[in-house]
Each structure stands twice: as C-alpha cells, then as structure tokens.
Amino acid sequence: MFDYFYDQHPNYQEPTLTKRRFAASTWENLVAGWSASPHFTVTQIGQTTESRPIHEVRFGSGPIPVIAWSQMHGDEATATMALADIFRFLSQDSKESTEIREKLHQKISLYVIPRLNADGAARWTRETALGIDMNRDAQAQNSVEARLLSSWADSKKPLFAFNLHDQNRLYSVGNTAHQTHIAFLATAGDEAGTWTPSRTRAAQLANRLTRFTQKYLPNKVAKWTDEFNGRAFGDTFQSRGYGLLLVEAGGAGWDLEKQSLRRMNAAILLDALVSIADETYLEESTDLYANLATNERQIFDIKINQAPLDVEGKYRADIGINLVETALPSDEIAYSWSIEEIGDLSYMHALHQVDGSVWDLPTGQDVSLGAQISSLIYTANNSITFDLSTFTAKIK
C-alpha cells in the first residue's frame with residue numbers, strides 16, 4: 001500500500017497548507033471542516049497554557065486503539081501537514097479510498113492530537129508558553145500540555161503510539177554526506193533497553209516502513225540512538241506498553257518547507273495504519289531497522305574550502321555556514337545565515353561545497369565566527385565568484 005499512498009498524495013494533499021508555518025485561522029478552518037465531516041469526531045479535550053484549544057480527532061470504531069500526536073514542539077509542523085492530508089484521504093469517495101477507509105474504520109480506533117503545542121506553534125518555538133520542552137516533561141509534568149498528553153494516552157491504552165516530530169535539517173546518516181530525510185526509533189522503555197512486546201512490535205512496524213522509505217530515499221533513512229530517557233514521552237509511553245514509534249522528518253536538500261517530507265510522512269502513516277489493521281507488521285523481522293545508521297551531525301548547508309579570512313589573503317581556512325530561521329509576526333519564516341565553524345572542516349560534508357582557495361575577500365565582508373549574515377561575496381580577478389545573497393534567492 002505504501003506505493004499507492006505515495007503516488008496518490010497529490011490527489012489528497014490538503015491544498016490550504018502550503019508552508020510549515022500557517023495562521024491560526026487556517027487551522028481553525030480545517031478543524032471546523034473535520035468537525036462537520038461524517039467520518040470524524042472532533043472533541044476539544046483541553047486548553048494550552050494560554051487557553052488555545054487542544055483538539056482530538058477520532059476516526060474509526062475498531063478494536064485496535066492507535067494514538068498519534070504532532071507539534072509537541074511548536075516549530076515542528078511537517079507531520080501536522082501530513083495528518084491534514086490523511087484526514088482528507090479518509091474523506092474521499094474514490095473506490096480505493098473508500099475500501100481503505102472502511103477497512104480501517106472496522107479494524108482500528110485512531111485518536112489524533114494534530115497540534116498539541118498550539119502556544120509554541122503561534123510563537124514558532126520548540127517550547128510551550130512557559131518555556132518548557134514538553135518532550136522532557138513526561139515525568140514532572142510541569143506543563144498543562146504534558147499532563148493532558150499523559151492522561152489522554154492512558155485513557156486509550158493504545159497498541160501503537162506515533163510520536164511525530166521534525167529534527168534538525170542537517171543530521172546525517174551516520175558519518176556520511178547523506179542528509180537524513182526520515183528517522184525512526186522504537187524507543188527503549190527502561191535503562192536496560194529491554195525488548196518488551198511493546199518495543200518489539202514498534203520495531204517490526206519500523207522495519208516495514210524502513211523498507212519502503214529506503215526505496216524512495218536510498219541512503220537517506222536513519223534512526224535515533226536508543227539510550228533511555230525517562231523524561232521523554234516516547235520512552236515513558238514505551239514503558240507503559242504503548243508500542244511507541246518515533247517518526248522524525250529531517251531535511252530534504254533545499255526543500256525548506258519540507259513538502260517532499262510531508263508527502264513521505266503521509267505515506268508512512270497511512271501504510272502503518274493499514275499494516276496495523278491487517279496485522280502484517282507481525283510478519284516482519286527487525287533486521288532492516290536494527291541495521292540503520294544513527295543520526296550524526298556531519299553536514300553544513302554550505303562549506304567553503306580554504307576561504308580567505310582577511311582582505312590581504314594572509315589567512316585561509318574552511319568555513320561552515322548554516323541557515324537560521326527567524327519567526328516573523330506575519331506567520332512567515334525569515335532565513336539568514338550563520339557562520340557556524342571556521343578551521344579544518346575536512347571531516348564535514350555540505351549540501352553545497354565550493355573551493356575558495358584562489359578567491360579574494362573584498363573589503364567589508366564579515367567572516368567572523370558566529371556572525372549572522374545576509375550577504376557574503378568572494379571574488380577572483382575582480383569578478384564575483386560567490387554571492388551568498390544570490391544563492392539565497394535561488395533556494396527560496
């Protein structure tokens with residue numbers, strides 16, 4: 001089914017969501033639409049610290065309970081877009097979608113909180129309005145959102161739980177030049193990393209999803225290291241037997257709005273639901289998943305090899321430059337650049353790598369460590385060889 005869900009995505013993609021950050025009014029309209037649909041039951045199950053509503057979207061009445069939540073971190077919305085796509089798929093009336101919808105409706109009960117940290121989403125921050133990282137609040141539950149998530153999951157006693165995130169764009173698949181597009185983790189539920197039935201079935205499902213994602217993203221699929229972290233919800237829910245699978249959308253080259261990863265997330269989750277309904281995940285080993293390389297940090301956005309550090313050209317070194325996001329009041333995201341590291345960066349890779357060994361640095365250019373820059377120019381023989389602002393225009 002994975003191929004079908006991936007190929008058909010343009011036909012069920014929610015058209016009102018075209019960017020990762022979107023207005024509260026856009027979200028409210030979507031929630032209103034799901035509330036009016038005969039296929040879903042939408043319930044406000046609580047409020048955030050700043051009294052924004054937290055909704056549960058329920059689909060199906062089958063005997064297998066499944067839960068999923070997105071935007072636990074407010075600035076991680078790729079899966080939120082994918083969930084909106086999935087709800088649209090489940091509302092369509094084509095022959096194929098109707099058959100799948102009816103099967104899922106009979107076999108599973110799906111409960112989704114599609115935008116858990118609405119305060120963080122409004123600010124475009126990882127943390128809640130209190131400045132708390134909710135995914136490190138599973139035990140203390142200092143935030144109202146963490147308390148809600150914990151009690152909500154306990155009330156469902158799910159066979160599977162999907163913890164949906166975005167990770168840093170520049171994680172690499174092991175120590176390679178390959179950018180991690182998707183990462184999985186069947187979290188540990190205790191310090192010993194015991195392979196409980198809960199963790200095993202999550203890994204079996206991850207094994208299936210690894211096989212399909214690698215088909216479309218060869219060398220671009222990784223996993224998180226599985227050290228136990230009792231403060232995290234993934235580890236905590238695994239300890240409760242909830243079959244927790246972490247799914248992370250990383251980076252996809254210069255697709256800054258992550259629309260390609262949105263498509264992959266939708267296919268991953270729909271295929272997972274069908275596999276759970278059919279119980280085909282039980283036929284899986286865990287070998288493919290177990291052999292995935294772990295996330296590492298081996299990539300810059302831009303690396304300039306042996307770039308001049310001064311106008312006279314007395315000093316040269318490698319320069320690593322990364323994009324920086326800034327949330328604007330207009331529900332937009334602005335991008336600038338940061339000089340992350342200067343020195344011997346021969347061990348690092350980059351999405352864009354150039355040789356600056358014969359370049360000159362014109363007067364007025366800032367290449368100091370940590371500098372936030374919007375423009376940077378290098379020349380050779382009085383002609384521009386690299387213009388950062390032109391590069392920025394190309395990738396937007």
Side-chain angles (χ1 to χ4, degrees), residues 14 16-37 39-59 65-88 109-156 158 161-166 231-234 236-237 242 325-334:
E14 172 52 56
T16 61
L17 300 181
T18 59
K19 295 183 178 182
R20 289 181 295 135
R21 192 177 185 209
F22 41 83
S25 59
T26 300
W27 186 250
E28 290 162 4
N29 288 337
L30 286 171
V31 172
W34 302 328
S35 299
S37 169
H39 303 297
F40 309 110
T41 300
V42 180
T43 306
Q44 182 176 330
I45 56 175
Q47 292 183 325
T48 64
T49 302
E50 295 181 331
S51 299
R52 291 182 173 89
I54 299 174
H55 292 100
E56 172 198 272
V57 180
R58 177 179 177 175
F59 169 84
V66 178
I67 65 172
W69 64 94
S70 180
Q71 261 179 298
M72 167 183 279
H73 296 139
D75 58 354
E76 299 178 6
T78 301
T80 305
M81 295 187 291
L83 288 169
D85 298 340
I86 289 169
F87 296 155
R88 192 161 188 259
S109 289
L110 175 64
Y111 306 89
V112 180
I113 301 178
R115 207 181 194 204
L116 179 59
N117 182 6
D119 294 345
R123 292 170 170 76
W124 201 244
T125 60
R126 177 183 177 90
E127 297 80 12
T128 69
L130 297 174
I132 294 174
D133 182 340
M134 199 192 314
N135 205 24
R136 298 297 180 267
D137 198 26
Q139 298 301 321
Q141 296 184 16
N142 293 307
S143 61
V144 63
E145 297 89 349
R147 292 193 293 273
L148 181 147
L149 178 62
S150 182
S151 61
W152 174 75
D154 287 346
S155 72
K156 309 306 179 191
F162 292 93
N163 190 3
L164 306 174
H165 287 265
D166 284 45
R231 296 190 302 150
F233 269 98
T236 297
F237 283 179
Y242 295 165
E325 289 187 2
T326 302
L328 301 178
S330 58
D331 293 314
E332 297 290 329
I333 299 172

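Reckoned from all heavy atoms, side chains included, excluding hydrogens, waters and symmetry mates. Being a predicted model, the structure only gives us computed values, none of them experimental.
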Any luck finding a side-chain donor-acceptor pair between T128 and E145 under 3.5 Å?
no
Nearest-0.5 Å distance, NZ of residue K156 to CD1 of residue I67
9.0 Å
Give, for atom CG of N163 and atom CG of L116, the distance between the pair rounded to the nearest 0.5 Å.
9.5 Å
Side chain R21, main chain A122, donor-acceptor under 3.5 Å
yes
Salt bridge (charged side-chain N to carboxylate O under 4.0 Å, His left out) with E332: which residues, sequence neighbours excluded?
K19
Using the test salt bridge (charged side-chain N to carboxylate O under 4.0 Å, His left out), find all partners of E14 that sit at least two apart in sequence or belong to another chain.
none
How long is the straight-line distance from CG of N117 back to OG1 of T80, given to the nearest 0.5 Å?
10.5 Å
Using the ring pair (Phe, Tyr, Trp, His ring centres under 6.0 Å) criterion, which residues pair with H73? Sequence neighbours excluded.
H165
Heavy-atom distance under 4.5 Å between the side chains of N29 and T16, does that happen here?
no
Between D75 and G120, is there a donor-acceptor pair closer than 3.5 Å when you use the side chain of the first and the backbone of the second?
no
Identify the heavy atoms of L83 and V112 that sit nearest to each other, and give their distance.
CD1-CG1, 3.8 Å
For D137, the salt bridge (charged side-chain N to carboxylate O under 4.0 Å, His left out) test, sequence neighbours excluded, returns none
Look only at the side chain of S150 and the backbone of A146, and say whether a donor-acceptor pair between them is shorter than 3.5 Å.
no
For F233, ring pair (Phe, Tyr, Trp, His ring centres under 6.0 Å) partners two or more places apart
F237
Those residues at least two apart in sequence (or on a different chain) that pass side-chain hydrogen bond (donor to acceptor under 3.5 Å, both in side chains) with W27 are none
Closest non-hydrogen atom pair, F22 against Q71
CZ-OE1, 4.5 Å
Taking the side chain as C-beta and beyond, is there a heavy-atom pair between L110 and F40 under 4.5 Å?
no
When you measure from the side chain of E76 to the backbone N and O of D166, does any donor-acceptor pair fall under 3.5 Å?
yes
Answer whether the closest heavy-atom distance between the side chains of L328 and W124 falls below 4.5 Å.
no
Any chance you could measure L164, atom CG, to W69, atom CH2, to the nearest 0.5 Å?
8.0 Å
Taking all heavy atoms of G234 and all of N135, pick out the closest pair and write down the distance.
N-OD1, 4.3 Å
Nearest 0.5 Å please: distance from the CG atom of L149 over to the CE atom of M134.
7.5 Å
Can you tell if the side chain of I54 reaches within under 4.5 Å of the side chain of L148, non-hydrogen atoms only?
yes
Just so I know, are the side chains of D331 and T26 near enough to count as touching, which here means a heavy-atom distance under 4.5 Å?
no
What's the spacing between H55 NE2 and Q47 CD if we round to 0.5 Å?
10.0 Å
